[in-house]
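Written out below as structure tokens is the structure these notes cover.
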2 protein chains.
Amino acid sequence: MSKSTSKPITLKEVAEAAGVSVSTASRALSGKAEAYRISRATEQSVQAAAKRLQFSPSLLAKSLRSQRTKLLGVVLPNVANPFFAAIAREITLAAEENEFSVLLADSQENSETEVHLVEQLQARQIEGLVVCPVGIAHQHLSKLAKQNLPLVLVDRGFDHKDLVTVTSNHRDGAREATTLLLESGHQKIGVLQGLPDTLPNTERLVGVRDAFAEHDVPFDPTLIAGNHFDEASGYQAAYKLLSDHPEITALFAFSNQNALGALRAAAELGRTVPEDLSLIAFDDHPFAAYLAAPMTSVCQDVTQLGRLAARLLIEQIKTGQPPQQKQHQIPVQLINRSSIKNIE
Amino acid sequence: MSKSTSKPITLKEVAEAAGVSVSTASRALSGKAEAYRISRATEQSVQAAAKRLQFSPSLLAKSLRSQRTKLLGVVLPNVANPFFAAIAREITLAAEENEFSVLLADSQENSETEVHLVEQLQARQIEGLVVCPVGIAHQHLSKLAKQNLPLVLVDRGFDHKDLVTVTSNHRDGAREATTLLLESGHQKIGVLQGLPDTLPNTERLVGVRDAFAEHDVPFDPTLIAGNHFDEASGYQAAYKLLSDHPEITALFAFSNQNALGALRAAAELGRTVPEDLSLIAFDDHPFAAYLAAPMTSVCQDVTQLGRLAARLLIEQIKTGQPPQQKQHQIPVQLINRSSIKNIE
DNA sequence: GTGAAAGCGCTAACAA
DNA sequence: TTGTTAGCGCTTTCAC
């Protein structure tokens with residue numbers, strides 16, 4: 001056994017070992033032997049040398065030379081959130097299938113961080129980017145698109161018709177959820193909203209109002225509370241709403257984290273679901289069916305969301321063209337369990 | 001407004017715009033102006049040109065030149081699994097703090113894929129690697145460590161004393177859980193295990209046996225079932241165990257996914273938790289407290305796991321030395337809720 | 001059939 | 001105080 005070296009083997013060393021020039025070695029190893037009419041013998045001796053030395057070409061050098069990095073960027077507001085994690089996974093799997101690698105970044109729900117991370121990814125010459133934007137601002141993203149960097153936005157989009165975007169059909173989902181509540185006799189419905197002014201949130205709000213309008217029930221905007229998609233916001237909003245407006249009979253949580261907070265607030269206020277309080281949530285959850293009150297929810301198809309985003313991205317990269325259709329909506333599914341009490 | 005170019009600006013163009021050589025430009029932009037005694041005027045004109053042209057240096061070229069990529073690799077069996085996602089997040093945040101980027105890969109619980117992904121990451125010249133190994137095999141990993149690539153294993157380790165490893169204290173956790181069951185009067189305890197021959201699984205099994213031995217209760221190995229950490233395995237194992245051995249009064253699930261499966265099987269077999277069946281699970285869960293039977297569980301501190309792994313990795317990179325202590329265990333916490341019935 | 005040489009964008013030794 | 005040059009590891013003209 002010889003002592004193992006630490007430095008990676010270079011093409012030059014392989015070439016020397018095989019007694020040929022670097023160019024020949026390069027050609028023999030990148031399947032271009034035929035094209036260059038390299039003799040079977042040389043080809044094999046190069047391959048043998050490469051194998052023997054455990055040669056693995058530097059993708060860094062390859063990338064610099066070819067200006068193709070085979071790198072994809074993914075920027076998410078919170079990697080640990082199962083919803084985003086699922087998206088990350090779909091992109092990652094698609095990348096692996098297509099021999100791309102994925103650079104992952106976490107913007108921590110902070111727009112400035114997002115801008116910075118995107119710049120860094122660009123400096124690494126990613127060939128494509130998927131981002132679940134924090135929200136509001138999008139100049140840094142439309143700039144990228146203008147530079148012809150394949151870009152796909154997921155979940156939170158913008159009112160910007162040129163950006164390729166994949167979202168759930170938030171409006172329909174919210175409308176259906178609200179309709180179910182209304183048709184179960186609830187009129188005083190508290191809304192636990194997420195991050196205001198983001199597309200999912202505003203769309204869901206529209207869906208809620210649509211449903212009220214369709215049922216000729218006046219909607220009371222003071223029954224909206226909350227400012228984030230997290231547990232804390234759900235808890236605080238539910239607590240406040242339930243305390244200030246005891247007439248509320250049902251809560252519509254805009255995320256499963258919000259719902260979790262609502263459950264905690266309800267427990268503290270001594271209101272049992274569904275007897276004393278009905279609840280419906282956006283986003284399903286594996287444990288939803290086994291809760292004390294199996295939770296009725298609007299299920300987003302995250303896998304489809306991620307998969308479509310990945311497909312749109314890869315296609316853009318391969319064809320060099322943005323897709324014809326920019327805006328994509330994935331349907332949402334209402335899962336009726338038993339957290340809503342009929343009070344008609 | 002001039003037409004926007006698509007190609008990134010290079011240092012050369014900045015240098016030309018500022019009327020200096022590339023080297024001067026390089027020095028002026030990498031804070032080495034002082035060291036090289038570059039005049040204030042030149043420095044500023046270079047910086048101005050860079051800003052005006054929106055220059056962003058190619059990290060690719062930088063890396064190739066410096067042989068430092070500022071890249072970390074993370075390989076996980078399943079990115080969408082919240083447990084691993086949490087680890088990914090901690091690494092990502094630590095990376096961002098230290099100006100590293102993260103290459104994420106998903107091995108899909110497949111050892112061969114893992115090997116391949118690790119090779120690919122190595123070809124990209126990552127400076128450090130965190131992996132949650134699929135299991136069993138580890139030659140490809142110990143090889144890396146021998147090549148002095150900073151490497152940290154998380155969650156599933158090996159019986160290999162030279163690899164830096166961070167895991168929960170699986171054995172203590174399992175012992176405590178089993179003790180609780182035993183001291184609540186349960187003797188016929190079904191074990192829903194995860195992937196056999198992985199360190200967490202075998203350690204937990206040891207913990208279970210320890211507890212039985214300490215309480216002088218004979219342990220019946222035929223009451224172990226299951227072969228994965230997922231819902232399906234939990235369901236099948238629970239179904240089989242409960243059908244074949246109706247005398248079982250309690251189930252110990254080795255993951256929250258296994259517990260979920262157990263809940264489903266129990267429901268189908270008409271056994272209610274905790275009245276007809278006690279249940280305890282490894283891994284806590286946000287919704288655990290709100291289940292029909294609030295679930296008693298052994299909570300792993302994933303955040304700490306990830307954070308420690310990140311710290312160990314970064315330190316290795318910075319110092320160039322592997323840590324003194326290789327094996328690290330994070331304590332586990334028993335959270336007593338109400339899925340266990342006292343039958344003494 | 002194969003080799004020499006240029007160059008991807010950058011930094012650093014060496015000159016001046 | 002600044003410029004020239006070499007070279008990181010690879011691919012690809014162009015030459016023979």
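Letters A, B, ... mirror the listed sequences (proteins, then strands); counts begin at 1.
Of the residues in residues 42-64 of chain B, those placing a heavy atom less than 4.0 Å from an atom of DNA chain C are Phe55(B), Pro57(B), Ser58(B), Ala61(B), Lys62(B), in numerical order. Of all the residues in residues 24-36 of chain A, Thr24(A), Arg27(A), Tyr36(A) reach under 4.0 Å from DNA chain C with at least one non-hydrogen atom.
Phosphate proximity of dG9(D) to Gln67(B): present, with a side-chain N or O under 4.0 Å from OP1 or OP2.
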Tell me which donor-acceptor pairs under 3.5 Å the side chains of residues 76-88 of chain B have, and how far apart each pair is, sequence neighbours excluded?
| unit_1 | atom_1 | unit_2 | atom_2 | d |
| --- | --- | --- | --- | --- |
| Asn78(B) | OD1 | Arg89(A) | NE | 2.9 |
| Asn78(B) | OD1 | Ala80(B) | N | 2.8 |
| Asn81(B) | OD1 | Phe83(B) | N | 2.8 |

Next item on the list: Just do the salt bridge (Lys or Arg N to Asp or Glu O under 4.0 Å) check on Arg156(A) and Glu109(A) with the steps written out, would you?
Entry: CA-CA 12 Å; Arg156(A) 310 187 191 162; Glu109(A) 294 279 10; 3.1 Å; yes
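A donor and an acceptor atom, one from each side chain of Thr303(B) and Glu90(B), are nowhere located under 3.5 Å apart. The closest side-chain donor-acceptor pair between Glu96(A) and His116(B), if any, does not fall under 3.5 angstrom.
Ala123(B) is linked by a side-chain contact (heavy atoms from CB on, under 4.5 Å) to Ser56(A), Leu59(A), counting only residues two or more places apart in sequence or in another chain. Residues satisfying the side-chain contact (heavy atoms from CB on, under 4.5 Å) criterion with Gln125(B), sequence neighbours excluded, are Ser58(A), Leu60(A), Gln67(B), Thr69(B). Legend: residues meeting side-chain contact (heavy atoms from CB on, under 4.5 Å) with Ser142(B), ordered by chain and number and at least two apart, are His138(B), His160(B), Leu163(B). For Ser23(A), the side-chain contact (heavy atoms from CB on, under 4.5 Å) partners at least two apart in sequence or on another chain are Ser21(A), Arg27(A).
For the pair Val164(A) and Pro323(A), the minimum side-chain heavy-atom distance is below 4.5 Å.
In this structure, Ile9(A) atom CD1 and dC10(D) atom P are separated by 10 Å, rounded to whole Å. Atom CZ of Arg68(B) is separated from atom P of dA12(C) by 12 Å (rounded to the nearest Å). Here the P atom of nucleotide dA6(D) and the NZ atom of Lys12(A) are 15 Å apart, to the nearest Å. The separation between Glu16(A) atom CD and dA4(C) atom C1' is 15 Å, rounded to whole Å. Summarising the geometry, the separation between CG on Leu11(B) and C1' on dC8(C) is reported as 14 Å, rounded to the nearest angstrom. The CZ-P distance, from Arg37(B) to dT2(D), rounds to 11 Å in whole Å.
Applying the side chain to side chain donor-acceptor pair (under 3.5 Å) definition to pairs two or more places apart or across chains, those involving residues 316-328 of chain B are Asn98(B)-Lys318(B). Among residues at least two apart or in separate chains, salt bridge (Lys or Arg N to Asp or Glu O under 4.0 Å) pairs with a member in residues 116-144 of chain A are Arg68(A)-Glu127(A). Residue pairs satisfying the side chain to side chain donor-acceptor pair (under 3.5 Å) criterion with at least one member in residues 46-55 of chain A, sequence neighbours excluded, are listed as follows: Glu43(A)-Gln47(A).
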Taking N or O atoms only and anything under 3.5 Å, show me the protein contacts with nucleotides 5-7 of chain C, one pair per line.
| unit_1 | atom_1 | unit_2 | atom_2 | d |
| --- | --- | --- | --- | --- |
| dG7(C) | N2 | Arg65(A) | NH1 | 3.1 |

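The overall bend of the helix from dG1(C)-dC16(D) to dA16(C)-dT1(D), read as the angle between its terminal helix axes built from five base pairs each, is 50° when rounded to 10 degrees.
Comparing Ser66(B) and Ile38(B) against DNA chain D, the residue whose closest nucleotide sits nearer the 5' end is Ile38(B).
The backbone N or O of Leu312(B) sits nowhere less than 3.5 Å from a side-chain atom of Glu315(B) that would complete a donor-acceptor pair.
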